[in-house]
Asker: 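Pasting a structure here, questions to come.
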Protein chains: 2
Amino acid sequence: MTKKSAAPKFERIPPGERRALLVEASIACLAKGGIQGFTVDNICAEAGTSRGLITHHFGSKNALLAAAYAAIYGKLLENLDRAEQAPESIDGLVGMMFADSFLSRDYLNVWLALWGEIAVNPALQLEHRKNYALYRERIARAISAFARGKGVTIDSYDVATILISLVDGLWLEQCIDQSLLSLDRAKDLCRRTLAAVLAAPG
Amino acid sequence: MTKKSAAPKFERIPPGERRALLVEASIACLAKGGIQGFTVDNICAEAGTSRGLITHHFGSKNALLAAAYAAIYGKLLENLDRAEQAPESIDGLVGMMFADSFLSRDYLNVWLALWGEIAVNPALQLEHRKNYALYRERIARAISAFARGKGVTIDSYDVATILISLVDGLWLEQCIDQSLLSLDRAKDLCRRTLAAVLAAPG
DNA sequence: GAAGCTTTTATACATACGTATAATAATAAA
DNA sequence: TTTATTATTATACGTATGTATAAAAGCTTC
């Protein structure tokens, strides 16, 4: 007679996977309710775990927030690295920016929620600086390569700032009020601005 | 013998003034701690009143938040109306944008904190749409007048979107990490972009 | 100076919050 | 099969939260 094995009351998974699950749940909560939706109860309910796991795996809620931010930026940079290294047209440059930026509407809300926290949360600020520098460098490099290929002389650092700021602004606009701006129009405005800036003398 | 009059335990001021005080205190709290710093305790401590006044004068904390947003936008629009109606140079246009945008670093944090809430707070969303439409209209009008004066034909609505988005993006960048961008450089990038866009054919 | 009105305070209340704790149970190792 | 490890749960605890309530007190009007 075989021993009757009871159904396990919970599944035990490797720490790395559990952390990833909690990070995913955190992002979902940020998307739904902004930084105010980022609570232990919400996150653990979303992840389907008990309340203790955040402390166990991250030490604190704030550490989980920093981890979530790192994960989001990680995805962004990863996508960027998959893109062609040196876009050879304005369209290519714009495509590079928007492939990562306008991934999904939910993600926009997450960025916005996190941005609002960075200024008042040192741990997040640290995480931001680290990742943003990589991001900016990557964009500036692409612009630089593009300009070199076209024989245009520009300050790629300046153009990168313009491009990133414009995309962030369009993004923000799209996030706050979806009815004002479509992805296609955002791309188009970006393309037009970039073309004008790169064509201008100086 | 005159009656000894005890010092009043509190000052009673007109509802409008009290509301303004609470709105000011709200903005200060948002600047310090983001949306998470926007609590009844913080606000009333900042305003130097007891906890009951928010409910009494606004009905709810959320209504106060909407009022604070309206007040901030009100100041923005007011400043804009004081500016010259039709800037006649690129510098004038840029000046118009930045006179309101970069008022103070504290205000940047407030905008950022509020932006993060708009997507998840219907009352704020309503207040935003109303004011943003006025803002955008005002900017587009100035651009339109400028172009007409110079004999340039443009879609002022498009250029307004570009300009506003760029300024918001620069603003965001400045807010998140002050070490990356000075006001002067932000203005300069804006000027340069605007000049290029307005000079471009089409 | 007295009455009435409404601002203002003080307090109470139920809920939500982040974290600490101890018990439990799933897995790996022996 | 037994033991050891640690992921996981359940719960407790103190604090913070937004709002409701009632008492107190300032101001206006007569």
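Chain A is the first sequence line, chain B the second, and so forth, proteins listed ahead of strands; every chain is numbered from 1.
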Asker: Would you please indicate yes or no on a ring centroid separation below 6.0 angstrom for B:Tyr73 and B:Trp111?
Answerer: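 Ring centroids of B:Trp111 and B:Tyr73 are less than 6.0 Å from each other.
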
Asker: Checking A:Arg136 against A:Tyr157: charged group under 6.0 Å from the ring centre and within 45 degrees of the axis?
Answerer: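 Yes - A:Arg136 lies over the ring of A:Tyr157, closer than 6.0 Å to its centre and within 45° of its axis.
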
Asker: State, yes or no, whether a side-chain contact exists between B:Gln174 and B:Leu183 at a heavy-atom distance under 4.5 Å.
Answerer: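 They are not in contact (no side-chain heavy atoms under 4.5 Å apart), so the answer is no.
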
Asker: Let me confirm one number: the CD1-CG distance from A:Ile139 to A:Leu134, rounded to the nearest 0.5 Å.
Answerer: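 The CD1 atom of A:Ile139 sits 11.5 Å away from the CG atom of A:Leu134.
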
Asker: I need the minimum non-hydrogen distance between A:Leu64 and A:Ser26, along with the two atoms involved.
Answerer: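 Shortest heavy-atom separation between A:Leu64 and A:Ser26 comes out as CD2-OG, 3.2 Å.
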
Asker: Below 4.0 angstrom, N of the basic side chain to O of the carboxylate: do A:Lys32 and A:Glu46 qualify?
Answerer: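 Yes, charged N to carboxylate O under 4.0 Å.
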
Asker: Think A:His57 has a side-chain N or O under 4.0 angstrom from the OP1 or OP2 of D:dT8?
Answerer: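 Indeed, a polar side-chain atom of A:His57 lies that close.
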
Asker: How long is the line joining CZ of A:Arg18 and C1' of C:dT27, in whole Å?
Answerer: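 It is 14 Å, rounded to the nearest whole Å.
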
Asker: Any side-chain N or O of B:His56 under 4.0 Å from OP1/OP2 of C:dT8?
Answerer: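 Negative; the distance criterion is not met.
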
Asker: Pick out the pairs of N or O atoms, protein on one side and nucleotides 16-20 of chain D on the other, that lie under 3.5 Å.
Answerer:
from   : atom 1 : to      : atom 2 : distance (Å)
D:dG18 : OP1    : B:Lys61 : NZ     : 2.4
D:dG18 : OP2    : B:Val40 : N      : 2.8
D:dG18 : N7     : B:Arg51 : NH2    : 3.2
D:dG18 : O6     : B:Arg51 : NH2    : 3.4
D:dT19 : OP2    : B:Lys61 : N      : 3.0
D:dT19 : O4     : B:Arg51 : NH2    : 2.2

Asker: Nearest whole Å is fine: how far is D:dT8 P from A:Glu17 CD?
Answerer: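 The distance from CD of A:Glu17 to P of D:dT8 comes to 10 Å, rounded to the nearest Å.
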
Asker: Going by an N to O cut-off under 4.0 Å, is there a salt bridge joining A:Asp184 and A:Lys187?
Answerer: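 No, A:Asp184 and A:Lys187 are not salt-bridged.
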
Asker: Flag the pair B:Tyr107 / B:Trp171 as yes when their ring centroid distance falls below 6.0 Å, and as no otherwise.
Answerer: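 No - the distance between ring centres of B:Tyr107 and B:Trp171 does not fall below the 6.0 Å cut-off.
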
Asker: Across nucleotides 24-30 of chain D, 5' to 3', mark each nucleotide with B, S or - according to how protein heavy atoms within less than 4.0 Å reach it.
Answerer: -BBS---

